[in-house]
Amino acid sequence: MYKNLKENYPLYDVRTTESFRALLDEGAELFGDKAAFRFKVKGGESKSVSYRAFRDEANAFGTALYELGLGKAHIAVIGENCYGWARTYFTLLATEGVVIPIDKDLSDEETQYILDFSDAEAVVCTKGLEAKIDRLLPSLPKLKTIICLGEPAEGGNRYAADALIAKGRELLGNGDTRFTKAPADNSVLKELLFTSGTTGKSKGVMLSADTLLFNVMQSQKLMKITDVCLSVLPYHHSYESTCGLLTMFHHGMTICINESLRSVLPNFKVYKPTEVQLVPLFVEKIYRGIWDKAEETGKAGMLRKLIKFSNAMLKVGIDLRKKLFASVTSTFGGELLGIICGGAPLKPFLPDFFDSIGITLINGYGISECGPLVSINRPCFHDYESVGLPLPETEIRIDNPNENGEGEICVKGRNVMLGYYKNEAATAEAITDGWFHTGDIGKLGHDGFLFITGRMKNVIILQNGKNVYPEEIEDKLSAMCEYIGEIIIFASKKDENSEQTVLGAEIFPDAERAKIHGISDVQEVIKKAISDYNEKEPSYKVIKNIVFRTEEFEKTTSKKIKRKYN
């Protein structure tokens with residue numbers, strides 16, 4: 001039974017920050033010597049940088065950029081997650097210029113296109129990306145300056161970030177205030193993000209400082225943020241850069257930088273975070289890993305009994321989870337309180353499980369064009385089948401809803417982008433009367449919760465006029481059968497001599513997991529699950545054709561499957 005949101009679940013109080021200049025200064029004043037960032041240096045030792053020291057480094061770096069004539073420039077940043085990347089991002093947001101985060105895993109062709117199209121005059125890169133930039137330089141006449149987060153190779157107009165910071169400190173000591181007193185206009189282009197470009201050239205999403213700061217402050221009104229976070233997801237993606245860097249910094253958290261996917265679990269034990277942002281795929285792997293270990297050690301039955309007992313105690317107000325599940329939660333350092341999930345739908349059984357062991361798993365919905373947040377579930381007011389409640393001061397409407405209330409999700413508010421860079425036609429198509437058309441299909445349910453059904457471009461329209469949203473079926477089947485590694489639902493012909501359209505499923509089985517559980521014929525197990533599914537579904541949602549594959553689906557750099565059935 002859901003209670004009235006405003007009366008029983010008031011918004012959290014959040015301080016107002018007027019600009020990114022203010023964000024740096026407030027951090028130094030409010031949190032001083034508290035660690036803003038922790039990260040590993042050569043030798044594997046952990047280093048901390050305080051909020052005050054971080055502000056001073058950003059001031060020095062920004063001042064040096066003005067000395068180079070780059071205070072109002074479009075500057076790209078590319079490389080793996082590291083402290084230098086984060087410092088560059090915060091610094092560029094406080095200049096009068098534009099920051100352009102670029103996915104390090106893009107092809108040379110796509111990287112060259114983005115650097116050229118975005119009018120980048122300089123690029124800040126990690127040492128491992130310098131060779132890639134060098135290959136592209138001859139085709140980038142506007143790119144004049146390379147700043148390396150490490151010692152740069154020989155060549156003109158190349159600088160080491162640390163050397164620039166030293167120069168900036170000297171300039172600051174002599175009274176240079178070009179960066180520290182730079183005027184802030186929150187209404188103009190501040191960050192230029194590029195979409196994944198799975199269907200043609202990437203589009204440049206124009207975000208203002210106002211949109212980013214709106215995300216930072218409004219999201220905290222819905223969330224109870226803790227003290228230490230492990231920063232895992234790629235910084236070029238708005239989910240991590242806005243929610244995992246800017247928001248956590250604003251709140252005064254210690255941001256612990258994870259250097260690679262291989263180091264995630266070890267770093268949980270090193271940094272002992274209270275919070276982490278992940279994508280559903282990673283959360284599901286952790287969930288499967290916990291149960292696989294329990295099965296291997298013969299403790300799965302005991303774990304199920306403990307969960308049942310613990311949940312019964314919670315109903316009478318007794319919380320024993322920290323003690324009962326210490327051996328499980330020690331995998332995450334023993335202090336983890338919350339996981340924030342985004343980027344894809346979350347299977348409802350995952351939040352239930354993590355809540356059972358004392359970790360709150362919250363999911364939300366976002367899109368780059370909204371910088372990125374649109375909605376999020378609250379820790380104490382949620383529906384795990386939904387993607388939560390809209391951010392405060394954000395409107396959501398469902399365009400052209402069908403008989404079930406499902407239609408295109410449209411968003412209006414300060415979190416909506418300025419438009420697409422140098423693409424007025426695409427902007428006009430996406431934004432009408434202030435409403436951004438997301439291209440996602442969903443509906444508004446009880447208490448204002450938003451439910452996602454699928455993507456407009458993926459919808460399958462059958463001969464009988466019925467619309468089928470493949471993501472809905474994919475999620476249902478994945479939840480029914482743990483041995484479905486990856487799945488795509490597609491439209492196919494009933495047989496070679498028929499024009500009738502039916503549903504098919506292309507599946508990559510998780511053979512490794514099946515082997516662990518002693519299953520020799522994983523395909524038969526999956527077929528049985530699909531048969532069980534078919535018995536319960538209306539005829540138009542029944543899967544007629546099944547195709548098994550031996551390799552994973554091709555994916556984008558953000559690990560989303562590239563659909564070829566459109």
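The structure displayed is predicted, hence computed values, not measured ones.
Residues Gly71 and Thr95 share a closest heavy-atom pair of O-CB, 3.5 Å. Across every non-hydrogen atom of Thr111 and Ile78, the tightest pair is CG2-CD1, 4.2 Å. Closest non-hydrogen pair, Ile489 versus Arg563, comes out as O-NH1, 4.3 Å. When every heavy atom of Ser219 is checked against every heavy atom of Thr247, the shortest pair comes out as OG-CG2, 3.8 Å. Contact record, Glu80 with Thr126: OE1-OG1, 2.9 Å, taken as the closest heavy-atom pair. When all heavy atoms of Cys243 and Gln277 are compared, the closest pair comes out as CB-OE1, 3.2 Å.
Between the Glu472 side chain and the Thr453 main chain, no donor and acceptor come within less than 3.5 Å of each other. For the pair Thr211 (side chain) and Leu207 (backbone), a donor-acceptor distance under 3.5 Å is absent. In this structure a side-chain-to-backbone donor-acceptor pair under 3.5 Å is missing from His437 to Ile431. Judged purely by atom type and a 3.5 angstrom limit, Ser208 has no side-chain atom pairing as donor or acceptor with the backbone of Leu189. Not a single donor-acceptor pair under 3.5 Å links the side chain of Ser478 to the backbone N or O of Asp475. Although no hydrogens or angles enter the test, the distance criterion places no donor-acceptor pair under 3.5 Å between the side chain of Thr242 and the main chain of Tyr239. With hydrogens and angles disregarded, no donor-acceptor distance shorter than 3.5 Å links the side chain of Ser202 to the backbone of Phe194. Looking only at distances, no side-chain donor or acceptor of Asn186 sits under 3.5 Å from a matching main-chain atom of Val188. Asn458 contributes no side-chain N or O that, together with a main-chain N or O of Gly454, makes up a donor-acceptor pair within less than 3.5 Å.
Note on Lys515 versus Glu512: no salt bridge recorded, every NZ/NE/NH1/NH2 to OD/OE distance being 4.0 Å or above. Remark: Asp56 does not engage Arg52 in a salt bridge, criterion side-chain N to carboxylate O under 4.0 Å. With respect to Lys167 and Glu67, no salt bridge is recorded, no charged nitrogen being found less than 4.0 Å from a carboxylate O. Looking at Asp227 and Lys34, a side-chain N of the basic residue comes within less than 4.0 Å of a carboxylate O on the acidic one, giving a salt bridge.
Taking the six-membered ring for Trp and thresholds of 30 and 60 degrees, Tyr235 and Trp85 have ring planes inclined between 30 and 60 degrees apart. Taking the six-membered ring where the residue is Trp, Phe249 and Phe54 present tilted rings, their angle falling between 30° and 60°. Ring geometry for Phe31 versus Tyr51: interplanar angle of 30 to 60°, hence tilted.
Between atom NZ of residue Lys190 and atom CG of residue Leu418 there is a gap of 12.0 Å, rounded to the nearest 0.5 Å. Phe39 contributes atom CZ, which lies 13.5 Å from atom CG of Asn81 (distance to the nearest 0.5 angstrom). Between atom CG of residue Asp440 and atom NZ of residue Lys457 there is a gap of 9.5 Å, rounded to the nearest 0.5 Å. The distance from the OG atom of Ser238 to the CD atom of Glu369 is 9.0 Å, given to the nearest 0.5 Å. Atoms NE2 and OG, on His236 and Ser241 in that order, are 9.0 Å from each other to the nearest 0.5 Å.
Ring to ring, Phe20 and Phe90 are not that close: their centroids are 6.0 angstrom or more apart. Taking the ring centroids of Phe61 and Phe179, they lie at or beyond the 6.0 Å cut-off.
One side chain, His250 or Thr17, offers a donor N or O that lies under 3.5 Å from an acceptor on the other. Between the side chains of Asp185 and Ser187, at least one donor N or O lies within less than 3.5 Å of an accepting N or O. In this structure, a donor-acceptor pair under 3.5 Å is absent between the side chains of Thr438 and Glu408. Between the side chains of Asn267 and Asn258, at least one donor N or O lies within less than 3.5 Å of an accepting N or O.
Both tests pass for Lys203 against the ring of Tyr420: distance under 6.0 Å to the centre and angle within 45° of the axis. The cationic atom of Arg549 (NZ for Lys, CZ for Arg) lies less than 6.0 Å from the six-membered ring centre of Phe553 and within 45° of the ring axis. For the pair Lys412 and Phe436, the cation-pi test (distance below 6.0 Å, angle within 45°) is failed.
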Test side chain to side chain contact (heavy atoms under 4.5 Å, CB included) applied to Val123 and Leu143, step by step | CA-CA 8 Å; Val123 61; Leu143 188 66; 4.1 Å; yes

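The 12-atom threshold is not exceeded at NZ of Lys72, counting heavy atoms of other residues, nucleotides or ligands nearer than 6.0 Å. No more than 12 heavy-atom neighbours from other residues, nucleotides or ligands sit within 6.0 angstrom of NZ on Lys47.
Here salt bridge (Lys or Arg N to Asp or Glu O under 4.0 Å) pairs that include residues 240-269, with residues two or more places apart or in two chains, are Lys40-Glu259.
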Distance-only criterion, 3.5 Å: show the donor-acceptor pairs between side-chain atoms of residues 278-289 and protein atoms not counting sequence neighbours.
from	atom 1	to	atom 2	distance (Å)
Glu284	OE1	Lys347	NZ	3.1
Glu284	OE2	Arg288	NH2	3.1

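With contacts defined as side-chain heavy-atom distances shorter than 4.5 Å, the pair Val276/Ile340 does not qualify. Ile114 is listed as a side-chain neighbour of Leu106, based on a closest heavy-atom distance under 4.5 Å.
A salt bridge (Lys or Arg N to Asp or Glu O under 4.0 Å) with Lys562 is found for exactly one of Glu554, Glu486, Glu552, namely Glu554. Applying the side-chain contact (heavy atoms from CB on, under 4.5 Å) test between Tyr421 and each of Val205, Thr427, Leu193, Asp119 identifies Asp119 as the sole match.
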